[in-house]
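Below you'll find the structure, written out as structure tokens, and then a few comments.
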Amino acid sequence: MSDIEIAQRAKMKPIIGLAAEKFGIPAEHLDPYGHYKAKLSLEYVDSLSHQAQEGKLVLVTAISPTPAGEGKTTTTVGLGDALNRIGKKTIICLREPSLGPCFGMKGGAAGGGYSQVVPMEDINLHFTGDFHAIAVAHNLLSAMIDNHINHGNALDIDPRRIKWKRVVDMNDRALREITVGQGGPANGYLREDGFDIVVASEVMAILCLATNRADLKERLGRIVIGYKTDKVTPVYASDLKAHGAMAALLKDAIKPNIVQTLENNIALVHGGPFANIAHGCNSVTATKTALKLADYTITEAGFGADLGAEKFLNIKCRSAKLAPSAVVLVATVRALKYHGGVDRIHLNQENLEAVEKGFENLERHITNVTKNYQLPCVVCINHFTYDTDAETDMIIEKCSDLGVKCIVSKHWAEGGAGAEALANEVVSMVEGSTISPDNLNLLYPDNMPIWNKIETIATKLYGASEIVASDKVKGEIAELQEKYGDLPICMAKTQMSFSTNPSLKGAPTGHSVEISSVKLEHGAGFIVAIAGNMMTMPGLPKTPTAEKIDIDDNGVITGLF
Ligand SMILES: Nc1ncnc2c1ncn2[C@@H]1O[C@H](COP(=O)(O)OP(=O)(O)O)[C@@H](O)[C@H]1O
Ligand SMILES: O=COP(=O)(O)O
Ligand SMILES: [Mg+2]
């Protein structure tokens, strides 16, 4: 059965009653969106913050993925269900799916097989409207910038130094570079602009890092939309008086969404930045709420540990004073073969030689988690039906040689029951863990210079020998260093490789990481460093998944996965 067929057969429980049954969440603090989706009130979220008791946080990350993804979301769901099955009160925290990959190539982000959050069609499509609200808030600021210039430009904004683009939640390469203001004086001033996908929006990052409404609005006001004609004075969203209206548009989006897994366990799904072009983590609000309600909070960060996990630790944990007690590093036999040089069409054939060769990718991620961050780590082989025992045994043995436990988990095929061995291992790791926000080993201190922060990430995690940049980019970094040098770095890099070359598989060393541009995201509180040729507006593939999606006369959707 397909993901969507399994999901459509789910025996969902009304979310209001389930939230009360599982965690005593009062109905008056849940805004229902139908029977199976709801938003938690911020009053309730705030009421929990005074509670001293906190549960344990577990991060699910992965090796460098194939284009299909290796199952972090699926594993987060399966592990959460398994922990609940063995009696541990657990909430999972996921990011919301973007329509870009949904209609593009990768598909949705509600998990897969018998480890999914439901209702998956809703979650993968419009959900509760958060992405639309984020896009409108972002584009309101865009409209107010051009409107301000049109009506005399009292702020002396340099139209050639506007950093704030427009966004839409779609993969649409035709919108990457556009010209606005065409058609004569009635339409404002002509200038170059472009669209990013909404998950790369700074408003998305702000929503995910803000701790309450006041913080949200303050961060929105801090957004630097561009510079004055003196080239150095920043123009803030608050200068345009846009931040209040933007915060108003986000009045509901700031509230965490609550849904359930196929096994009727609670999931908080909130915020959705990608991890290759943004920081890749779900919201601080949802994570902190789960920590106050449950004994275990299982959350995921996008793509491989060189991206999502790195930014989960160095941006989200740093900002919100969080710390994972353990890390689950998801690997798949197929991805290791892919890193061992096997073409995607042959990944379902046994190939021990390729597994052995590709293991170097997993080894580097293990080293990064255990040595650079000194975090307890278990490798989870997310089992695919065509994996052979010989392949999985090899991975288990090689992990053992590194002193790391490796567990085969069949949660995709069996739901929570298939992940109980993993759950028991996670429990023993967490109970033995002394990690806390006070002793979490971050990769760099706040006061390290920007250039050195980027260099540290590239050399310590990516295996690079150096970072390089044009004089122009070096000049931009030097300008940012003075006022914003204490901010963390949000690396934007391909998820396909430790390097900036997507085809360089395994664990390349000695490569150069070129920083092609840097961008201050002052509201989010980090500096984006684009490594190599990363686009913040993806394109659709030759055969978009959208072509296979349909809806019948009874409203039943097919083809979504
Ligand atoms: N063990 C598995 N067997 C088959 N398909 C799987 C398995 N695990 C995940 N998938 C599928 O792979 C895709 C990526 O899974 P997902 O959990 O979204 O990965 P990630 O979060 O790492 O991107 C989804 O379509 C999912 O249904
Ligand atoms: O940002 C990417 O997230 P996934 O790895 O879950 O697709
Ligand atoms: Mg995912």
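Numbers here are sequence positions counted from 1. All ligand and atom numbering here is 1-based and tracks the order in the structure.
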Residues passing the salt bridge (Lys or Arg N to Asp or Glu O under 4.0 Å) test with Lys493, sequence neighbours excluded, are Asp306
For ligand 1, indicate whether the residue [X] contacts it via side chain, backbone, both or neither (heavy-atom separation under 4.0 Å).
{"X": "Lys72", "result": "both"}
{"X": "Ala109", "result": "neither"}
{"X": "Asp3", "result": "side chain"}

Check each atom of ligand 1 against the heavy atoms of Ala68 and keep those under 4.0 Å away; list them by number with element.
13 (C), 14 (C)
Below 4.0 angstrom from a heavy atom of Phe561, which ligand 1 atoms are there? Numbered from 1 as shown, please.
25 (O)
Please say whether Gly108 places an N or O atom under 3.5 Å from an N or O atom belonging to ligand 1.
no
Tell me, which protein residue and heavy-atom name are nearest [atom], and how many Å apart are they?
{"atom": "atom 18 (O) of ligand 1", "result": "Thr73 CB, 4.1 Å"}
{"atom": "atom 11 (C) of ligand 1", "result": "Trp412 NE1, 4.5 Å"}
{"atom": "atom 17 (O) of ligand 1", "result": "Thr74 OG1, 2.7 Å"}
{"atom": "atom 7 (O) of ligand 2", "result": "Lys106 NZ, 2.4 Å"}

Side chains of [X] and [Y], donor plus acceptor under 3.5 Å:
{"X": "Thr75", "Y": "His411", "value": "yes"}
{"X": "Thr299", "Y": "Asn282", "value": "yes"}
{"X": "Ser201", "Y": "Asp196", "value": "no"}
{"X": "Glu300", "Y": "Thr76", "value": "no"}
{"X": "Thr332", "Y": "Asn382", "value": "no"}

Parallel, tilted or perpendicular for Trp412 and Phe384, by the 30°/60° rule?
parallel
Can you find a non-hydrogen atom of Glu70 under 4.0 Å from ligand 2?
no
With a 4.0 Å cut-off on heavy atoms, does Arg95 reach ligand 2?
yes
Check whether Arg219 reaches the backbone of Ala524 with its side chain - one donor and one acceptor, N or O, closer than 3.5 Å.
yes
Nearest protein heavy atom to atom 13 (C) of ligand 1: under 4.0 Å?
yes
Interatomic distance, Lys337 atom NZ to His346 atom NE2 [nearest 0.5 angstrom]:
11.5 Å
If hydrogens are left out, which of Arg334, His383, Lys106 has an atom nearest to atom 23 (O) of ligand 1, that is, the closest non-hydrogen atom?
Lys106
With a cut-off of 2.8 Å, which protein N/O/S atoms are close to the Mg ion (ligand 3), if we only count those under it?
Thr73 OG1
Counting the benzene-type ring for Trp, do Phe498 and His365 have ring centres under 6.0 Å apart?
yes
Both conditions, 6.0 Å and 45 degrees, for the charged tip of Lys88 above the ring of Tyr296: are they met here?
no
